[in-house]
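Here is the structure we will look at.
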Amino acid sequence: MMKKIIQQLAKSEHVLLASHIKPDGDAIGALLAMGIALEKQGCQVVLFNESSIPEVYRFLPAVGRIQKKLTDWQRFDTAVILDCGVLSRVGSAADDIATIPVIINIDHHTTNNRFGHFHLVDVNACATAEIVYRLILEMKLDVDVAMATAIYTGILTDTGSFRFSNTNQAAFSICEAMVAAGVKPSTVAQHVYGAYSLGRIKLLNLALDSIEISNNGYLSIMTVTREMLACTDTQPEDADGLINYARRIRDVKVAALIHELENNTAPPPRKQYHVSLRSDGSVDVSNIAMKFGGGGHAGAAGFSVESSLVELKQTIYDLSDGFGESCHLN
Ligand code: 5GP
Ligand code: MN
């Protein structure tokens with residue numbers, strides 16, 4: 001499939017590249033690296049992400065090229081969709097993107113539904129950035145420091161700094177190559193993990209205080225409300241990564257972060273929430289997320305729902321009854 005995609009991209013002239021809404025380091029890193037690569041190959045590229053780029057990723061080279069709004073979709077002959085398990089993850093542009101004649105799906109989510117005309121889906125890849133790197137090598141392109149920084153950041157963040165279960169040998173070997181290409185790990189780490197606003201740290205305090213545990217101790221729930229964001233003067237992106245604290249508690253198999261979404265249209269007391277799930281490796285949370293219309297990986301998944309907070313917590317608590325010894329992954 002990689003060869004066919006390379007042949008197709010060699011014919012492509014106007015390429016749209018897009019990744020998922022509320023992008024993380026991998027969605028942004030894979031988008032930038034692939035975009036720079038295709039531009040080097042002589043394509044006209046447009047980089048697209050419907051959400052704002054979180055502050056911590058704005059240091060990435062060429063990040064200013066990512067556009068939030070597009071018109072004139074007919075100009076594209078090819079779309080490259082990165083880090084999306086389903087096409088709708090790109091957001092409200094999905095219908096316009098679906099009209100592009102050739103759609104290439106590059107991803108590593110276990111729940112990927114193989115949308116598009118060509119798929120390069122490797123669920124064993126630590127990050128979409130790993131797949132992009134392999135593709136760039138196959139395309140015989142040099143990895144410059146801008147591409148290397150994007151790839152390194154994608155792998156660093158998607159593996160939780162080489163701690164999550166998707167951390168594989170490629171994570172280290174590719175990152176080593178990226179360092180050889182000029183990436184400074186301490187500089188990336190300083191931008192991504194060491195430049196938080198005071199409000200973000202105060203939000204951490206509120207989020208930690210919200211943690212509750214199920215009776216059997218296997219499930220933790222953390223809640224981030226709009227009110228918490230307002231009183232700490234923070235943005236939704238400032239909640240990224242907070243769930244890992246709820247996951248670190250001894251005996252906890254699954255952590256859930258209930259995140260109240262902005263622009264709620266639901267009749268009270270119902271609201272729209274995004275639920276992030278993280279597992280210690282013994283429970284496949286992508287299965288749980290799929291049941292609620294979401295998706296992700298065995299160890300990290302998410303879904304959105306409309307519910308009252310009380311009912312949503314109860315629904316999540318009910319799941320923990322199934323987190324006994326029987327649900328170990330093989
Ligand atoms: P997060 O909890 O950080 O939003 O997402 C964790 C993982 O699950 C990410 O890989 C993300 O792409 C995926 N994910 C989160 N929400 C959804 C969703 O609503 N649908 C799908 N298909 N995947 C999701
Ligand atoms: Mn990813």
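Each ligand, and each atom within it, is numbered from 1 in the order the structure gives.
Between Gly295 and ligand 1, at least one N/O pair is under 3.5 Å apart. Polar contact check, Thr111 against ligand 1: no nitrogen or oxygen pair lies under 3.5 Å apart. Of the polar atoms of Asp24, none of the N or O atoms is found under 3.5 Å from an N or O of ligand 1, judged by distance alone. Where the criterion is an N or O separation shorter than 3.5 Å, residue side chain and backbone included, Arg278 meets it with respect to ligand 1.
Per-residue contacts place Ala300 under 4.0 angstrom from the following atoms of ligand 1 (heavy atoms of the residue considered): 6 (C), 7 (C), 8 (O). Residue contact check: His297 has heavy atoms under 4.0 Å from atoms 10 (O) of ligand 1. Those atoms of ligand 1 that come under 4.0 Å of a heavy atom in Gly294, given as number and element, are 18 (C), 19 (O), 20 (N), 21 (C), 22 (N).
Ring centers of Phe323 and Tyr218: at least 6.0 Å apart, outside the cut-off.
Within the 4.5 Å cutoff, the side chain of Asp238 has no heavy atoms near those of the Glu55 side chain.
Looking only at N/O/S atoms, Asp26 comes nearest to the Mn ion (ligand 2) through OD2. The atom of Asp158 that is an N, O or S and sits closest to the Mn ion (ligand 2) is OD2.
Between the OG1 atom in Thr110 and the CG atom in Asp284 there is a gap of 6.0 Å [rounded to 0.5 Å]. Atom CG of Asn216 sits about 4.5 Å away from atom OG of Ser320, to the nearest 0.5 Å.
Under 4.0 Å is where a charged nitrogen must lie from a carboxylate oxygen, and between Arg65 and Glu39 at least one such pair does. With salt bridges taken as basic N to acidic carboxylate O contacts below 4.0 Å, none links Glu138 and Arg134. Comment: Lys313 engages Glu212 in a salt bridge, judged by a side-chain N to carboxylate O separation of less than 4.0 angstrom. Checked for salt-bridge contact, Lys271 and Glu260 meet the test: a charged N lies under 4.0 Å from a carboxylate O. Between Lys40 and Asp144 there is a salt bridge, since a side-chain N of the basic residue sits under 4.0 Å from a carboxylate O of the acidic one.
For the Mn ion (ligand 2), the set of nearby N, O or S atoms under 2.8 Å includes none belonging to His109. None of the N, O or S atoms belonging to Asp24 lies under 2.8 Å away from the Mn ion (ligand 2). At a cut-off of 2.8 Å, Asp83 coordinates the Mn ion (ligand 2) through an N, O or S atom.
When atom types are taken as modelled, the side chain of Arg247 and the backbone of Ala255 share no donor-acceptor pair closer than 3.5 angstrom.
The single protein non-hydrogen atom nearest to atom 11 (C) of ligand 1 is Arg89 NH2, 3.4 Å, given as residue, atom name and distance. His109 NE2, 2.7 Å is the protein heavy atom nearest to atom 10 (O) of ligand 1.
At least one heavy atom of Ala301 sits less than 4.0 Å from an atom of ligand 1. Using 4.0 Å as the threshold, His274 has a heavy atom nearer than that to some atom of ligand 1.
Compare Gly296, Ser276, Gly85, Gly302 by their heavy atoms: the one nearest to atom 19 (O) of ligand 1 is in Gly302.
Ring geometry for Tyr152 against Phe162 counts as perpendicular: the plane angle is over 60°, on a 0 to 90° scale with 30° as the lower cut.
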